[in-house]
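Read the structure below first, then the notes.
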Amino acid sequence: MSKRDFYDVLGVSRTASADEIKKAYRKKAKELHPDRNADNPDAESQFKEANEAYEILKDADKKAAYDRFGHAAFEGGMGGGPRPGAGGMGGGADFQSAFSDVFDDLFGDFMGGQRGGGGGRRASRGSDLRYNLRISLEEAFSGLQKTINVPTAVACSTCNGTGAEGGAEPVSCPTCSGMGKVRAQQGFFTVERTCPTCSGMGQIIKNPCRSCGGAGRVEKDRALSVNIPAGVETGTRIRLAGEGEAGLRGGPPGDLYIFIEVTRHELFERDGTNLYCKVPMSMAKAALGGSIEVPTIDGGRGRVQIPAGSQSGRQMRLRGKGMPALRGGGSGDMFIELAVETPVNLTSRQKELLQEFDELSEDNNPAMKNFFSSVKSFWDSMKG
């Protein structure tokens, strides 16, 4: 059975460039791979045919010989290059090289490796850090500039973060040639593993820095000045780019995230931008009404008018006396809730006055009058 033209096998013209031939081969290999065509008995032979075609056309000398003599260039007597092995496949090493191209495309993402000639993890980014900062409600209201001490890994000053003694540059790993990964052939498949010599870095340090042991960073407390804007609340997160852990061997640093916690206040309760303050009030003041002064979060005082006959739980509002909005847009309000208190430890005179007040207050308490009237009617019904 005569062989098909190699250009026809890959679906390219004779003037196709090396890059076009490679792309065409990868496309064919994906389409014809036996693992993807279990129900097609011809897939394996077509896959081998595409590999044989690519093995010849990817090499400039073999391609030139094929263009001149055709298939005869690689059959006995011509001496134009290594003879393909049994079944039309190329030699073992050549086939592995050809197959590794499509293997990268088919399985590279699952292996998590880099394709082509790229290097390994020569420098890795530092980790992000979290710092919990506790502030008072007054500080959350006004905002503040605060200095914090953050224990973290910083670039080694002795080696300037390279990890090498005297600041020398690391050298390419001889085991993986700077790839950070090594490949091993296991039957039909190529397995890729992290290089055991450089631990995937792609580089090694011949003379590690004595200060950092070759890591390029050391543990140290850093003092940072942080601007806390007005209006923050518990759970607010502030990001400081590049202030996290230093990268390994000169890699970029991570970020620092500051999480705010606002402590509980003895007078004010917060709900978003609004504040709530419970104010105790005497029974007489609540009955007679008047004005009272209440504290505000800015350290000042606000005056509130209390209507006569106010009951416990009644709320009054001071507009604009709450917390500022974090991203602009004014301020919330402050709500004053009355807590009318019943007097205790009365003197004899106070008891007399309250007794007299109670006798004179029946007409002023319609709710009580209706209640006792209902009680009397209930008792009468029970007797009948």
Side-chain angles (χ1 to χ4, degrees), residues 128-152 221-244 255-345:
D128 293 334
L129 298 178
R130 171 174 177 153
Y131 187 92
N132 296 325
L133 179 62
R134 183 177 295 179
I135 63 174
S136 67
L137 186 62
E138 290 87 351
E139 290 173 328
F141 171 80
S142 59
L144 73 155
Q145 194 79 19
K146 195 173 184 68
T147 300
I148 61 175
N149 291 314
V150 182
T152 182
D221 284 352
R222 294 181 58 202
L224 296 174
S225 181
V226 183
N227 179 42
I228 309 299
V232 295
E233 58 186 317
T234 296
T236 297
R237 187 181 72 171
I238 299 173
R239 174 175 172 262
L240 298 182
E243 298 294 352
D255 299 332
L256 174 64
Y257 291 90
I258 299 174
F259 285 77
I260 302 297
E261 179 188 353
V262 181
T263 58
R264 188 179 182 88
H265 199 275
E266 60 180 352
L267 293 178
F268 303 104
E269 291 285 342
R270 180 179 183 178
D271 183 11
T273 58
N274 294 328
L275 292 177
Y276 294 84
C277 180
K278 186 173 287 188
V279 178
M281 179 162 295
S282 68
M283 183 177 63
K285 189 73 170 179
L288 298 175
S291 63
I292 59 171
E293 282 189 343
V294 294
T296 53
I297 190 62
D298 59 3
R301 297 179 179 181
R303 183 167 290 275
V304 181
Q305 190 68 31
I306 305 300
S310 294
Q311 304 295 315
S312 256
R314 180 163 187 170
Q315 289 187 343
M316 276 74 67
R317 176 186 295 186
L318 286 177
R319 296 188 180 277
K321 290 297 183 179
M323 298 292 291
L326 180 58
R327 293 175 178 83
S331 300
D333 300 329
M334 176 178 167
F335 293 87
I336 294 92
E337 181 179 334
L338 301 183
V340 180
E341 295 187 336
T342 302
V344 296
N345 301 323

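Of all non-hydrogen atoms in L338 and Q311, the two that sit nearest each other are CB-O, 4.1 Å. Pairing each heavy atom of S331 with each of P324, the nearest pair is OG-CA, 3.6 Å. Of all heavy-atom pairs spanning F268 and T296, the tightest one is CZ-C, 3.8 Å. Scanning all heavy atoms of the two residues, the minimum distance from L326 to P229 falls at CD1-CG, 3.9 Å. Of all non-hydrogen atoms in N274 and D333, the two that sit nearest each other are OD1-N, 2.9 Å. Counting all heavy atoms, side chain and backbone alike, K321 lies closest to L275 at O-CD1, 4.1 Å.
Side chain to side chain, N132 and R134 fail the donor-acceptor criterion of an N or O pair below 3.5 Å. Of the N and O atoms on the side chains of S291 and R303, at least one donor lies less than 3.5 Å from an acceptor on the other residue.
Taking CG of L137 as the start and CD of E266 as the end, the distance is 11.0 Å to the nearest 0.5 Å. To the nearest 0.5 Å, atom CE of residue M323 and atom OG of residue S142 are 8.5 Å apart. To the nearest 0.5 Å, atoms CE (M334) and CZ (R317) are separated by 13.0 Å.
The closest donor-acceptor contact from the side chain of T234 to the backbone of V262 lies under 3.5 Å.
A salt bridge is defined here as a Lys NZ or Arg NE, NH1 or NH2 lying under 4.0 Å from an Asp or Glu carboxylate O, and K278 with E269 fails to meet this definition.
More than 12 heavy atoms of other residues, nucleotides or ligands shown are found within 6.0 angstrom of CD on Q315.
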